[in-house]
Amino acid sequence: MKKIIYVCGPAGCGKSTVAGALSKKYDAEFIEADSVHSKENIEKMSNGIPLTDEDRFPWLNTLQTLASNTAGSHVVLTCSALKKVYRDILRRSNNADTRVHFVFLRLTRDQLIARVRQRPNHYMKDSMVDSQLADLEPPTADELDVSVIDASAPIEEVISAAISAAESI
Ligand SMILES: Nc1ncnc2c1ncn2[C@@H]1O[C@H](COP(=O)(O)OP(=O)(O)OP(=O)(O)O)[C@@H](O)[C@H]1O
Ligand SMILES: O=C(O)[C@H](O)[C@@H](O)[C@H](O)[C@H](O)CO
């Protein structure tokens, strides 16, 4: 069974850090959704303009196709996947041989702002955190393919919780 694991949540929650560690653990291909954004999307975010559904849909479709088409046994991706309708696009990769799973990293607004400020050279500034949270639809209990992890813990603990979640798929 091929596993497609999305590490998701708002800007600064720790997606890249956790996904990097998960991909090493599984010797899996690692896809950074930020590197799949169009230059128009990156320019908008760099200018402090939140993305809209219309900006995100083509990007999500591309990610879903990329995830489905990787040849390896597993693939780990970062993706904000803020809304349920976005996660539903990514779920289209599910089939008899492939299982999609989400590891959602949960942080409070203040924690997100502190994390985003730790990387001052990133295009996503702390002023964008509120718009990320406005769009966020936290996963609900009926989304059985999502593991929610407290990302405020030390990174080793967050990574080990993410690995346990991935093991249970
Ligand atoms: N558990 C943790 N404890 C402390 N710092 C952390 C933890 N996880 C990540 N960080 C730090 O928080 C910052 C944001 O992490 P990271 O870049 O992985 O987040 P991200 O969700 O990928 O962000 P973005 O999508 O905006 O690029 C980095 O400086 C990272 O080193
Ligand atoms: O859906 C979105 O608004 C974007 O994917 C953002 O979440 C950022 O690209 C990412 O987190 C980098 O900071």
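As the structure lists them, so they are numbered: ligands from 1, and atoms in each ligand from 1. Just the heavy atoms: all of them, side chains too, but no hydrogens, waters or symmetry mates, feed the values below. Predicted model only: the values in this text are computed from it and were never measured.
Between the choices E156, R117, R115, E157, the shortest heavy-atom distance to atom 3 (N) of ligand 1 belongs to R115. For atom 16 (P) of ligand 1, the nearest non-hydrogen atom from the set V116, T17, I149 comes from T17.
Each of the following atoms of ligand 2 lies closer than 4.0 Å to a heavy atom of A11: 11 (O), 13 (O). Listed by number with element, the atoms of ligand 2 under 4.0 Å from a non-hydrogen atom of Q132 are 2 (C), 3 (O), 6 (C), 7 (O). Close contacts between ligand 1 and A151 involve ligand atoms 1 (N) [criterion: under 4.0 Å to a heavy atom]. Shown in contact with A11 at under 4.0 Å from a heavy atom are these atoms of ligand 1, numbered in order with element: 26 (O). Counting atoms of ligand 2 from 1 in the listed order, those under 4.0 Å from a heavy atom of H37 are 4 (C), 5 (O), 9 (O). Those atoms of ligand 2 with a heavy atom of Y123 less than 4.0 angstrom away are 8 (C), 9 (O), 12 (C). Annotation for ligand 2: atoms under 4.0 Å from non-hydrogen atoms of H122 are 12 (C), 13 (O). The S16 neighbourhood of ligand 1 comprises atoms 18 (O), 20 (P), 22 (O), with distances under 4.0 Å to a heavy atom of that residue. Interface atoms of ligand 2 facing S80, defined by a heavy-atom separation under 4.0 Å, are 1 (O), 2 (C), 4 (C), 5 (O), 7 (O).
Of the protein's heavy atoms, K15 N, 3.4 Å lies nearest to atom 20 (P) of ligand 1. Of all protein heavy atoms, the one closest to atom 11 (C) of ligand 1 is Q118 OE1, 3.5 Å. Ranking protein heavy atoms by distance to atom 14 (C) of ligand 1, first place goes to G12 O, 3.7 Å. With hydrogens left out, the protein atom closest to atom 10 (C) of ligand 2 is D34 OD1, 3.5 Å, a heavy atom. In terms of protein heavy-atom proximity, atom 1 (N) of ligand 1 is nearest to A153 O, 2.9 Å. From the protein, the heavy atom lying nearest to atom 19 (O) of ligand 1 is G14 N, 3.1 Å.
Within the 4.0 Å heavy-atom criterion, neither part of M128 lies near ligand 2. Using a 4.0 Å cut-off between heavy atoms, W59 contacts ligand 2 through its side chain alone, with no backbone atom that close.
Nearest heavy-atom pair, L51 versus H37, reported as atom, atom and distance to 0.1 Å: CD1-CE1, 3.5 Å. Counting all heavy atoms, side chain and backbone alike, T98 lies closest to M1 at N-SD, 3.6 Å. When every heavy atom of V100 is checked against every heavy atom of D145, the shortest pair comes out as O-CB, 3.8 Å. Nearest heavy atom pair, residue R106 against residue V148, reads NH1-CG1, 3.7 Å.
Ion pairing between D34 and K15 fails under the 4.0 Å rule for side-chain N and carboxylate O. A salt bridge between E143 and K84 is absent, with no side-chain N of the basic residue lying under 4.0 Å from a carboxylate O of the acidic one.
Ligand 1 has D34 within reach: a non-hydrogen atom of the residue lies less than 4.0 Å from it. A heavy-atom separation below 4.0 Å is found between K15 and ligand 2. Between R119 and ligand 1 there is a heavy-atom distance shorter than 4.0 Å. The shortest separation from a heavy atom of G20 to ligand 1 is not under 4.0 Å, leaving the residue out of contact.
More than 12 heavy atoms of other residues, nucleotides or ligands shown are found within 6.0 angstrom of CD on E137. Under a cut-off of 6.0 angstrom, the local environment of CG in D142 is crowded, with over 12 non-hydrogen atoms contributed by other residues, nucleotides or ligands. Around the CZ atom of R99, the shell of radius 6.0 Å holds no more than 12 heavy atoms that belong to other residues, nucleotides or ligands. By the 6.0 Å contact criterion, CZ on R109 is open, its count of non-hydrogen atoms from other residues, nucleotides or ligands being 12 or less.
At under 3.5 Å, a nitrogen or oxygen of C13, whether backbone or side chain, sits near a nitrogen or oxygen of ligand 1. No N or O atom of V158 sits closer than 3.5 Å to an N or O atom of ligand 1. For a threshold of 3.5 Å applied to N or O pairs, the pair formed by M124 and ligand 1 contains no separation below that value.
A donor-acceptor pair under 3.5 Å is formed between the side chain of S131 and the backbone N or O of M128.
Applying the side-chain contact (heavy atoms from CB on, under 4.5 Å) test between L105 and each of S147, C8, C13, S152 identifies C13 as the sole match. Screening L60, L136, D53 for a side-chain contact (heavy atoms from CB on, under 4.5 Å) involving K83 leaves a single residue, D53.
Of the N and O atoms on the side chains of R92 and N61, at least one donor lies less than 3.5 Å from an acceptor on the other residue.
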Where do S93 and K2 land on the side chain to side chain donor-acceptor pair (under 3.5 Å) test, with the steps shown first? CA-CA 10 Å; S93 299; K2 172 177 171 177; over 6 Å; no
